There are 2 protein chains.
Amino acid sequence: MELHNLVEKVSKKFFITERDIRRILSALMTSDDIWEVIDLADVPVMALCEVWKALEEKGLVEVSDKRVSLTAKGLELARSYKISPIRSFTCKLCEGRGITLAGLEKVEKRFKEIAKNRPEAIQDYDQGYILEDVTLLRVALMWQKGDLQGRELLVLGDDDLVSIAAGLTGVAARVTVLDIDDRLLEFIQDVSEQEKLGIEVIKHDLRYPLPENLQRAFDTFITDPTESLRGLKAFLGRSLSALKGPGSAGYFGLTRREASLQKWQAIQRFLLERGAVITDILDDFNAYVNWPYIETMCSWEFLPVKTIPKRVWYRSAQYRLELLGEPGPDTEIYSGDIFFDEETATA
Amino acid sequence: MELHNLVEKVSKKFFITERDIRRILSALMTSDDIWEVIDLADVPVMALCEVWKALEEKGLVEVSDKRVSLTAKGLELARSYKISPIRSFTCKLCEGRGITLAGLEKVEKRFKEIAKNRPEAIQDYDQGYILEDVTLLRVALMWQKGDLQGRELLVLGDDDLVSIAAGLTGVAARVTVLDIDDRLLEFIQDVSEQEKLGIEVIKHDLRYPLPENLQRAFDTFITDPTESLRGLKAFLGRSLSALKGPGSAGYFGLTRREASLQKWQAIQRFLLERGAVITDILDDFNAYVNWPYIETMCSWEFLPVKTIPKRVWYRSAQYRLELLGEPGPDTEIYSGDIFFDEETATA
């Protein structure tokens with residue numbers, strides 16, 4: 001049994017490297033919880049399920065009492081490749097994000113009170129929001145980088161409630177939110193009025209170009225795109241078109257759970273072509289609250305063990321970019337479903 | 001006085017955006033030490049000196065008792081643009097790097113004893129090494145990502161002594177070092193023999209392609225390139241050519257002190273063209289020990305205040321990449337000086 005045979009087998013359906021298989025085996029030596037394995041493996045869920053199938057056919061993995069593990073034969077294979085459990089050096093204080101909320105306690109307290117009444121995530125718009133702390137940390141990151149204070153901020157899709165956290169700091173010159181979901185728009189509007197945050201709330205479907213008055217109008221955008229390649233391009237193309245020009249900044253999340261590194265590469269190319277440069281990629285910065293529709297998401301039927309996750313397993317990297325040139329026109333209309341491609345797992 | 005006029009003036013010599021000027025003004029509101037301002041401003045030193053000149057001509061900045069500051073007029077301008085001091089949320093435990101050395105104490109202790117006798121940085125090869133903790137953190141990062149244990153590692157240029165720290169962990173399958181500096185090669189060779197680390201030490205000038213037997217031979221590379229565009233391409237091109245193929249990983253430092261974001265963009269394009277994808281960009285991960293030749297470095301004469309830095313001011317982002325395709329042949333020979341271009345400051 002050689003790892004490259006597994007690569008060849010799985011590659012017929014998904015982009016995968018020998019390194020990915022190593023990482024999956026390493027994850028299986030680290031945890032027996034399927035969701036932790038998915039979290040640690042850093043390959044798309046759908047690809048991991050396909051690898052699992054191939055490993056199972058060869059008798060290398062097994063499920064027992066809803067726990068996943070390598071068989072004796074699987075362990076032997078892993079060891080023959082010098083694969084070992086994942087060794088973590090993640091900072092205990094900031095959990096690897098590099099920043100903390102020290103100094104933001106008042107905003108934190110108010111934000112968490114407000115968020116208690118937020119609308120629940122729904123599948124219709126591929127929603128799934130991040131931990132409240134992470135929403136606040138995104139705002140802290142923008143502030144530290146000089147992209148919040150005195151700056152005009154556009155939030156494209158806001159089930160994470162970034163606009164409210166940003167508004168509560170009181171330092172942004174303007175906060176505008178676009179979303180397609182009336183529940184969210186109403187919630188943000190109500191909070192903004194009660195708290196006097198002055199957030200502009202606009203209904204918009206990102207499959208269509210931004211209204212003229214929002215193009216080239218902002219210093220900073222933040223968004224958490226849907227993960228299909230078409231969806232990513234739609235969200236990021238609109239976002240870039242909202243920026244004033246050179247020196248404007250953008251923030252977005254990109255996951256490994258539903259996007260292969262091949263997709264990452266396509267997105268990086270797309271950003272460079274549109275005149276941006278990537279300044280930061282912070283792995284696992286974003287951690288998501290488990291959403292209520294997990295059993296109806298498209299990858300559920302392929303999972304080797306059907307259990308509800310008890311802890312955070314869905315994470316994404318936080319990207320930051322700066323624009324060096326003009327983003328150019330953004331006129332494409334994306335018809336139909338932009339949430340789904342062969343790597344997506346939660347749509 | 002408008003910021004865009006300053007941009008136009010400075011742009012004749014350096015790539016700069018209004019955002020960069022804002023950041024410089026913000027840095028000048030945060031510290032009166034020229035080296036801290038350089039550290040915080042995140043623009044090339046040479047560009048900052050040019051901005052300083054333009055600000056000085058307009059009476060917006062001044063030097064007094066070797067301290068830099070905005071004049072009353074400068075402060076007024078900054079405030080009219082809603083510019084304020086830089087707000088930091090950097091984690092106090094990991095200093096923003098996301099990882100710590102917890103669990104690596106034995107390696108840390110031995111490495112620091114060994115490093116006491118290291119060769120000093122010299123200008124001939126544009127040397128300047130990182131803090132000992134950061135060398136160890138680079139190794140921890142590679143370990144965590146699965147790029148050290150059981151893997152074959154190539155270090156291209158090693159005044160940072162990464163090979164020794166990696167060797168001391170005892171988990172790498174192979175550690176090979178290339179350098180041009182006989183002092184370093186001898187030092188690493190001697191340590192390797194004393195400590196039984198089994199490091200391979202090879203003399204090589206990176207202006208020339210790698211020897212055949214080192215091409216397509218490694219799982220992981222790590223390097224800290226010289227900062228000219230030609231130098232970056234030479235170091236990274238050689239590094240990529242050493243990798244086995246898809247799934248192999250690479251680590252390198254890229255600074256803002258001697259590289260504009262335009263140069264960053266060119267390097268990102270170069271990496272994507274060579275079949276790589278960028279997986280991590282960790283800002284200010286690398287912190288450098290002040291080198292002894294600071295007063296003869298090429299930017300010295302342009303500095304508004306000639307003082308020797310007392311603290312760390314030179315930092316770089318840590319990049320990580322993975323190879324998705326084949327890097328292709330790397331046959332170019334780089335003649336002459338590869339250390340210098342118009343943005344470099346330390347050559």
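Naming: A, B, ... by sequence-line order, numbering from 1 per chain. Predicted, not measured: the structure shown is a model, and the values here were computed from it.
By the salt bridge (charged side-chain N to carboxylate O under 4.0 Å, His left out) test, A:K263 is found to be paired with A:D341, A:E343, residues two or more places apart in sequence or in another chain being considered.
For A:T279, the parts lying near chain B are the backbone and the side chain together; criterion is any non-hydrogen pair under 4.5 Å. Of the atoms belonging to A:I86, it is side-chain heavy atoms, and not backbone ones, that fall under 4.5 Å from chain B. Both the backbone and the side chain of B:A140 come within less than 4.5 Å of a heavy atom in chain A. If you measure heavy-atom distances from A:I278 to chain B, the contacts under 4.5 Å come from both the backbone and the side chain. For a residue to count as touching a neighbouring chain, one of its non-hydrogen atoms must lie under 4.5 Å from one of that chain's; by this rule A:T100 touches chain B with backbone and side chain alike. If you measure heavy-atom distances from A:S26 to chain B, you find no contacts under 4.5 Å at all. Contacts of A:R87 with chain B are made by both backbone and side-chain atoms, with heavy-atom separations under 4.5 Å.
Of the residues considered (B:S260, B:A276, B:G103, B:G98), B:G98 shows the highest number of contacts with chain A, using heavy-atom pairs under 4.5 Å. Comparing A:E95, A:R23, A:R22 by heavy-atom pairs within less than 4.5 Å of chain B, the highest count is held by A:R22. Per-residue heavy-atom pair counts under 4.5 Å with chain A were compared for B:S84, B:G325, B:A102, and the maximum is reached by B:S84. Most heavy-atom pairs under 4.5 Å with chain A: of the set B:L261, B:V7, B:L93, B:L101, this distinction falls to B:L261.
Side-chain atoms of B:Q268 never come within 3.5 Å of backbone atoms of A:L272 as a donor-acceptor pair (strictly under, hydrogens ignored).
The environment of NZ in A:K244 is crowded: more than 12 heavy-atom neighbours from other residues, nucleotides or ligands sit within 6.0 Å. Heavy atoms of other residues, nucleotides or ligands lying less than 6.0 angstrom from CD of A:E76 number 12 at most.
A side chain to side chain contact (heavy atoms under 4.5 Å, CB included) with B:F89 is found for exactly one of A:V139, A:L137, A:L136, A:L104, namely A:L104.
Note that the CG atom of B:D20 and the CD atom of A:E322 stand 7.0 Å from one another [nearest 0.5 Å]. Summarising the geometry, atom CG belonging to B:L282 is positioned 8.5 Å from atom CG belonging to A:D283; distances are rounded to the nearest 0.5 Å.
Residues of residues 143-152 of chain A lying under 4.5 angstrom from chain B, judged on non-hydrogen atoms, are A:W143, A:Q144, A:K145, A:G146, A:D147, A:Q149, A:G150, A:R151 in numerical order.
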